[in-house]
There are 2 protein chains.
Amino acid sequence: MPVPLYQAKADFFRTLGHPVRIRVLELLRDGPRPVRELLGEIEVEASNLSQQLAVLRRTGLVTAVREGGTVVYSLATPDVVDLLAAARRILTDMITGQGELLAELQAEAAK
Amino acid sequence: MPVPLYQAKADFFRTLGHPVRIRVLELLRDGPRPVRELLGEIEVEASNLSQQLAVLRRTGLVTAVREGGTVVYSLATPDVVDLLAAARRILTDMITGQGELLAELQAEAAK
DNA sequence: TCGCAAGTTGAAAAATTCTTAAATTCGTCA
DNA sequence: TGACGAATTTAAGAATTTTTCAACTTGCGA
C-alpha cells in the first residue's frame with residue numbers, strides 16, 4: 001500500500017477529530033443551514049466557527065453557497081451519515097457498561 | 001446535546017487520525033498479528049509503533065495478548081471494519097475524477 | 001545465571017493544531 | 001456613496017501531538 005493513501009485517510013479522520021466540526025456535521029445531517037443558525041446552536045466565537053467550517057470545506061466534507069447576506073452550508077455527500085452511524089456503534093461498544101455517555105448515545109440512536 | 005458526548009466522538013476520530021494507527025487497524029482487519037509482523041509492514045521505529053499501539057489500546061480499539069516472547073494484537077470489535085469502509089466511500093466520492101488516489105482506493109475496495 | 005530479542009515506557013525536542021482578536025470582504029439598504 | 005451586518009481571513013501565541021532516544025521489562029535459551 002502506497003504511503004499517500006493512508007496519509008489521506010488519516011487526514012480525513014483528523015478532520016473529524018474536533019468537537020465543533022463533529023457538531024456541525026451532525027447539525028447538517030438534517031439539512032442545509034446558514035452560518036447564523038449554526039452559530040446559534042454551537043457556543044463558540046463566530047471566527048472560530050468560521051475557522052472550523054473552513055477546515056470542513058477544504059476537506060470537501062461540506063459545501064457553502066452564498067445566498068444574499070448569508071452563507072448556507074450543506075453536507076457534500078450523504079455518506080457522512082453512515083460514517084457517523086458506524087462511529088456511534090463502535091463508541092457504544094466501547095463505553096458499554098461503564099460510562100455516563102452510554103445513555104446519551106443510545107437515546108440518540110433511537111430517535 | 002450535552003458537551004462531553006461530541007467531545008468523546010471527536011476524541012475517537014482523532015485517534016484514527018494518524019497514518020500508522022490507520023495502517024495498524026487495516027492490517028488487523030485480516031486477523032490478529034504479533035508486533036513483529038506489524039513492524040515488518042510499517043516502516044517506523046519499534047518504539048514509535050509501540051507508542052501508537054498504546055494509543056489504540058488506551059482508546060479500546062485494539063487488544064493485546066502476550067504469547068511467550070511476542071505480543072499479539074487484534075481488533076477489539078469488528079465494527080471497525082464498517083467504519084473504515086464508510087470512510088473509504090466518502091473518500092472515493094471526494095476524490096472522484098481528480099486525484100491520483102482514486103485508482104488506489106478503488107483497487108482496494110475491489111479486492 | 002547471563003545475555004539477547006521483543007516490546008514498552010518516560011521525557012524532552014520538534015511539529016501541528018487551536019484559539020483569539022483584529023482586519024477584511026461581500027452584500028444590502030438608506 | 002456610506003454605513004452596517006454577516007462571514008471569512010490572517011497572524012501570533014498557547015496548547016496538544018509526534019517523534020526520538022535512552023532506559024527498562026519480560027521471556028527464553030545457552
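Sequence lines set the chain letters: A, B, ... in the order given, protein chains first and strands last, and positions in each chain run from 1.
Here the options are B:Gln51, B:Gln52, B:Glu45, the test is side chain to side chain donor-acceptor pair (under 3.5 Å), and the partner is B:Asn48; only B:Gln52 passes.
Between B:Phe13 atom CZ and C:dT17 atom C1' the separation is 18 Å, expressed in whole Å. Protein atom CD of A:Glu37 is 15 Å distant from nucleotide atom C1' of D:dA7, rounded to whole Å. The CZ atom of A:Arg33 sits 18 Å away from the P atom of D:dA6 (whole-angstrom rounding). Atom CG in A:Leu39 sits about 15 Å away from atom P in D:dG5, given to the nearest Å. Residue B:Glu67 contributes atom CD, which lies 14 Å from atom C1' of C:dG7 at whole-angstrom precision. Distance A:Asn48 CG to D:dA7 P: 15 Å, rounded to the nearest Å. Here D:dT20 presents its C1' atom at 14 Å from CG of B:Leu49, a figure rounded to the nearest Å. Distance, A:Glu45 CD to D:dA7 P: 15 Å, rounded to whole Å.
Contacts of B:Thr70 with the nucleic acid, taken as non-hydrogen atoms under 4.0 Å apart, involve only primed sugar atoms and P, OP1 or OP2.
Using a 4.0 Å cut-off, some side-chain N or O of A:Arg36 falls inside it from OP1 or OP2 of D:dA7. Listed pair B:Arg66 / C:dA6 fails the phosphate criterion, with no side-chain N or O lying under 4.0 Å from OP1 or OP2. Look at A:Arg58 and you won't find any side-chain N or O under 4.0 angstrom from OP1 or OP2 of D:dT9.
Candidate nucleotides C:dT19, D:dA7, C:dT8 were compared by shortest atom distance to the side chain of B:Val71, and C:dT8 ranks first. Of the candidate nucleotides D:dA7, C:dT9, C:dC18, C:dT9 has the atom lying nearest to any side-chain atom of B:Arg57.
Between B:Thr70 and B:Val35 the shortest side-chain heavy-atom distance does not fall below 4.5 Å. Side-chain contact between B:Val81 and B:Leu25: absent, with no pair of heavy atoms (C-beta onward) separated by less than 4.5 Å. Between B:Phe13 and A:Arg21 the shortest side-chain heavy-atom distance does not fall below 4.5 Å.
With the nearest nucleotide of DNA chain C identified for both A:Gly68 and A:Ser47, A:Ser47 has the one nearer the 5' end. Both A:Tyr73 and A:Arg14 lie near DNA chain D, and the one whose nearest nucleotide falls closer to the 5' end is A:Tyr73.
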Exercise for review: Check the pair A:Ile22 / B:Phe12 against side-chain contact (heavy atoms from CB on, under 4.5 Å), numbers first and verdict last.
Suggested key: CA-CA 11 Å; A:Ile22 281 285; B:Phe12 170 72; over 6 Å; no
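Residue-to-nucleotide contacts include a donor-acceptor pair under 3.5 Å from the side chain of B:Gln51 to the base of C:dG10.
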